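Notes for the one structure printed next.
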Protein chains: 2
Amino acid sequence: MTTSRDVVGQRSETVRRANLSSIVRELHLRGPLSRSELVARTGLTRSAIRGLIGELVAADLVEERRSEPAGTPGRPSPEVRARGDQTLALALEANVDSLAMALVGLGGTVHRLERVDRPRAHVTVDEIADDLVGLVRPMLGDLRSGDALVGIGVAVAGVVRRSDGIVRHAPNLGWRDAPLGDRLAESLELDVPVWLANEADLGGLAEHRRGAAAGADEVVYVMGEVGVGGNLIAAGRPLVGAAGYGGEVGHMPVNPEGLPCGCGAVGCWETEIGERALLVRAGRDPDGGRAAVSELIGAAGEGEARACAALEHVAAWLGVGLATLINILNPQLVVLGGVFERIHPLVGDAIEAATRRRSLRPSADLVRIVPGQLGVDAPIIGAAELAFEPVLADPAARLRSRVPALASA
Amino acid sequence: MTTSRDVVGQRSETVRRANLSSIVRELHLRGPLSRSELVARTGLTRSAIRGLIGELVAADLVEERRSEPAGTPGRPSPEVRARGDQTLALALEANVDSLAMALVGLGGTVHRLERVDRPRAHVTVDEIADDLVGLVRPMLGDLRSGDALVGIGVAVAGVVRRSDGIVRHAPNLGWRDAPLGDRLAESLELDVPVWLANEADLGGLAEHRRGAAAGADEVVYVMGEVGVGGNLIAAGRPLVGAAGYGGEVGHMPVNPEGLPCGCGAVGCWETEIGERALLVRAGRDPDGGRAAVSELIGAAGEGEARACAALEHVAAWLGVGLATLINILNPQLVVLGGVFERIHPLVGDAIEAATRRRSLRPSADLVRIVPGQLGVDAPIIGAAELAFEPVLADPAARLRSRVPALASA
DNA sequence: ACCATTTGGTCAAGAGGAGCACAAACCCGG
DNA sequence: CCGGGTTTGTGCTCCTCTTGACCAAATGGT
């Protein structure tokens, strides 16, 4: 049982770590800033900022450049930027429809992103791991000596135990307690930590950091893929729950008169708004996958009655569940990802109306419902963020335990 | 719109504040500790603890006493305890059935607690404020010079905006935008801050700090009074939401085929498990209040069929809503307060069964459902905690701005 | 060219915890 | 009752990290 954390005494180094962390985080999330802007943002003195940046430059995490003349009087302040060319995260995604790999630099630059389709079939962990490694290998050769890979983040379409990188349950991949993390770590031999998380959690993380929810502290993110997943952000932090299953909104009961769900219950949200429900209701092949959904959305755009009706149904039930979440959590923003992001242009108003009809006035007045901005790549971008997290939390740790640099593999 | 907080640079004083805070918090929550236990708990050195405690003793927040010989070898470590005799919080409660006042010492000792019944009628803010002040006055005379009152916490049966102490909406008191906080501050003339919050939020806070949920970081608290309220605790902190309306679970839609609710929607949780629903279903006077509920529970205990059926109904629907919350939040503990606490001995098993039937396996396996431990006084105890919070967060602030002590009023 | 303005560089000062040596207070055994 | 073992308080210096003051550098405006 998770009892309340042991009190931990603070010391001077704690302060240093926190200050280094907030500088790197700021540069990573908001992009390059001048030294004087950092002074303003943090409230620290110029001397302190100087010292901190010096340490970060020595660690090759940031670099300073002469800034363009700004037209204002006074000595120009050099621009500080994250060394996205040098400090890298490898992001992977094991989705139902596709596998993907991305190489992302500190600061968020996506150096490379490759996605390959895959058939919707159950395969072993080993096969998926091999395919992912195959996707990564050619890229590894291009890494220059001196490039520092800080970690590997993996987005998985399933329930993941983060502590040990085991996929507890991934019905659409056919896995149960699959050790994907260890498997990837062994095959890649990169000697950096591998972090796994659920694709919806990471999609939400990505939208929160670099997408539609940037800057918002109270966010409900709901993503429609084969299943329905979500990430609830409260006070700026994802709600993980006692065992990491927080935010699993797909199996919220919404319709007692509804259909049986794969989870054993009846009337789960997923049975009303999931991809399968959408396709069936529109008279499409329920196993048609992403292609069928695209076709459906196209048809609805051209006014096909059945397609439109299916979307309206999803919109209405999306509203029911969102109202519940809004009443409970009082978010400022709802971000729709995956399929919901794609259908938003067509039925955004219907979703909005259905939601407002059922949510409490004071909460509903405040909230905005918006589509995500990152599309299908949200989860893999979130995976990169996951891999960067330890560096952001304690940038000096890298300086302390500096590895000789990544060989050309 | 609440954007993510500005990065704030840390300095040495931040460390001091954090360390002072964790010591006072530890003593406040866990009771007296020896100096060496504090060393172990915080990980700080003996020297550091010594300095910190010295500062707290100077501020009259804690005191040291020779401890009883413990039978172990080694120099005995003095016992450090919060000065609950000296540092006080005043807690008030404006409930539908009663008004209450409590004087609570740092560390949680309840020096005095008085509750008076009140008829269920709409009255003005001024009347309630006057009644509360009348309850407090006699006690003020007994305060010794030197006693330090740190704040006033008020639990209100309604939706409260914490920032300015305005009761936005309290249907059962008949208020809308009532400035109870200001009104109390004026009448009491105590020159300390007045903090208002919702009774369910404070009930949850109290159970989390000193009741059934002590030590748990992921908690769902649901309280049945006239309405149904709740407090969701994630990562050890109450989930407040963007405007402070987080945790308002009473109007979660659970039954699309259900009854219309006062809020305008249909099938809110409250319409199935609220006090009124319980009484009506048991064939009692829906406006019978606390007395009618007590009678009902008594009757059910003796096996009256109708009373039992009503309780079973509540238990079943309690399960539906709890399952939703459990699936979404993955708590380790569900605490039932108010009426639900009282009916737990009778229908605890039914609640448990109904909940488990509908919640996802991995989340359900972990969670325990327990009744609260603080009974009707949970909210007022939470109100005292609310008033103490600023002192716990920054104990040194009191030292810096020391007031001459409270006169005999 | 000169001045106001803004910012970087340097260094001493202040805050605060760590670490160490020593003393104090307890238990126990003879 | 006395000495050894053990644990903890006390007092001191050292180390880390930020602040603040002073001066130099770089830019725009007149």
Side-chain angles (χ1 to χ4, degrees), chain A residues 7-23 32-59 62-80 394-397 399-400, chain B residues 7-23 32-59 62-80 394-397 399-400:
Chain A
V7 193
V8 61
Q10 313 272 84
R11 52 179 78 181
S12 322
E13 289 101 47
T14 316
V15 172
R16 185 75 167 181
R17 192 185 322 149
N19 285 339
L20 287 171
S21 170
S22 48
I23 291 179
L33 289 169
S34 79
R35 218 147 118 166
S36 60
E37 282 171 320
L38 280 171
V39 168
R41 275 253 207 309
T42 59
L44 295 169
T45 58
R46 292 205 299 266
S47 329
I49 290 289
R50 179 182 132 79
L52 292 162
I53 292 185
E55 185 166 343
L56 293 174
V57 168
V62 310
E63 60 189 347
E64 285 190 300
R65 287 189 196 168
R66 282 183 68 88
S67 60
E68 314 291 296
T72 54
R75 177 170 174 172
S77 194
E79 186 187 73
V80 187
D394 187 3
L399 186 61
R400 286 195 294 273
Chain B
V7 192
V8 61
Q10 312 274 87
R11 51 180 78 180
S12 328
E13 289 104 50
T14 317
V15 171
R16 187 73 167 182
R17 192 183 323 151
N19 285 340
L20 287 171
S21 171
S22 47
I23 290 180
L33 289 170
S34 78
R35 222 148 114 163
S36 61
E37 283 171 320
L38 280 172
V39 168
R41 276 254 207 308
T42 59
L44 294 169
T45 58
R46 292 204 298 266
S47 333
I49 290 289
R50 177 182 133 80
L52 292 162
I53 291 186
E55 186 167 341
L56 293 175
V57 168
V62 310
E63 59 189 348
E64 284 191 301
R65 286 190 197 169
R66 283 184 67 88
S67 58
E68 314 290 295
T72 54
R75 177 170 174 172
S77 196
E79 187 188 72
V80 186
D394 187 3
L399 187 61
R400 287 195 294 272

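We use all heavy atoms of the structure for the numbers below, so side chains are in, but hydrogens, waters and symmetry mates are not. In this text the structure is predicted, and so the values were computed from the model without any measurement. Throughout, protein chains are lettered first and strands after them, A, B, ... in sequence-line order, and every chain is numbered starting at 1.
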Heavy atoms under 4.0 Å, any strand shown: does B/Gly51 hit a base, just sugar-phosphate, or nothing?
-> nothing
Whole-Å distance separating the CZ atom of B/Arg75 from the C1' atom of D/dT7 | 9 Å
Output for pair (A/Arg17 CZ, A/Ser12 OG), nearest 0.5 Å, gives 11.5 Å
With heavy atoms under 4.0 Å as the rule, sort A/Ser34 into base, sugar-phosphate or nothing.
-> nothing
Name the first nucleotide and the last nucleotide along DNA chain C (5' to 3') that come under 4.0 Å of a heavy atom in chain A.
-> C/dT5 to C/dA18
For D/dT10, does OP1 or OP2 lie under 4.0 Å from any side-chain N or O of B/Arg50?
-> yes
Could you list, one pair per line, each protein nitrogen or oxygen that sits under 3.5 Å from a nitrogen or oxygen of nucleotides 14-18 of chain D, together with the distance?
from   : atom 1 : to      : atom 2 : distance (Å)
D/dT18 : OP1    : A/Asn19 : ND2    : 2.7
D/dT18 : OP2    : A/Arg16 : NH1    : 2.5

Do B/Gln10 and A/Leu44 have side chains that get closer than 4.5 Å, going by heavy atoms?
-> no
Output all residues satisfying side-chain hydrogen bond (donor to acceptor under 3.5 Å, both in side chains) with B/Arg65, sequence neighbours left out; order by chain, then residue number.
-> B/Glu63
For B/Val39 and B/Arg35, run side chain to side chain contact (heavy atoms under 4.5 Å, CB included): C-alpha distance rounded to whole Å, both residues' side-chain angles, the deciding distance at 0.1 Å, then the answer.
-> CA-CA 6 Å; B/Val39 168; B/Arg35 222 148 114 163; 5.7 Å; no
Upstream residue (5' side of DNA chain D) when A/Gly43 and A/Arg46 are each assigned their closest nucleotide = A/Gly43
Quick one: does B/Ser77's side chain have a donor or acceptor within less than 3.5 Å of a partner on B/Ser36's backbone?
-> yes
In sequence, state the C-alpha distance, the side-chain angles, and the governing distance for A/Asn19 and A/Ile23, and then conclude on side chain to side chain contact (heavy atoms under 4.5 Å, CB included).
-> CA-CA 6 Å; A/Asn19 285 339; A/Ile23 291 179; 5.7 Å; no
Does the pair B/Ile53 and B/Leu38 meet the rule for a side chain to side chain contact (heavy atoms under 4.5 Å, CB included), with working shown?
-> CA-CA 10 Å; B/Ile53 291 186; B/Leu38 280 172; 3.8 Å; yes
Touch class at under 4.0 angstrom, heavy-atom based, for B/Ser36 against every strand present = sugar-phosphate
Show your working on side chain to side chain contact (heavy atoms under 4.5 Å, CB included) between A/Val80 and A/Leu33 and close with a plain yes or no.
-> CA-CA 5 Å; A/Val80 187; A/Leu33 289 169; 5.7 Å; no
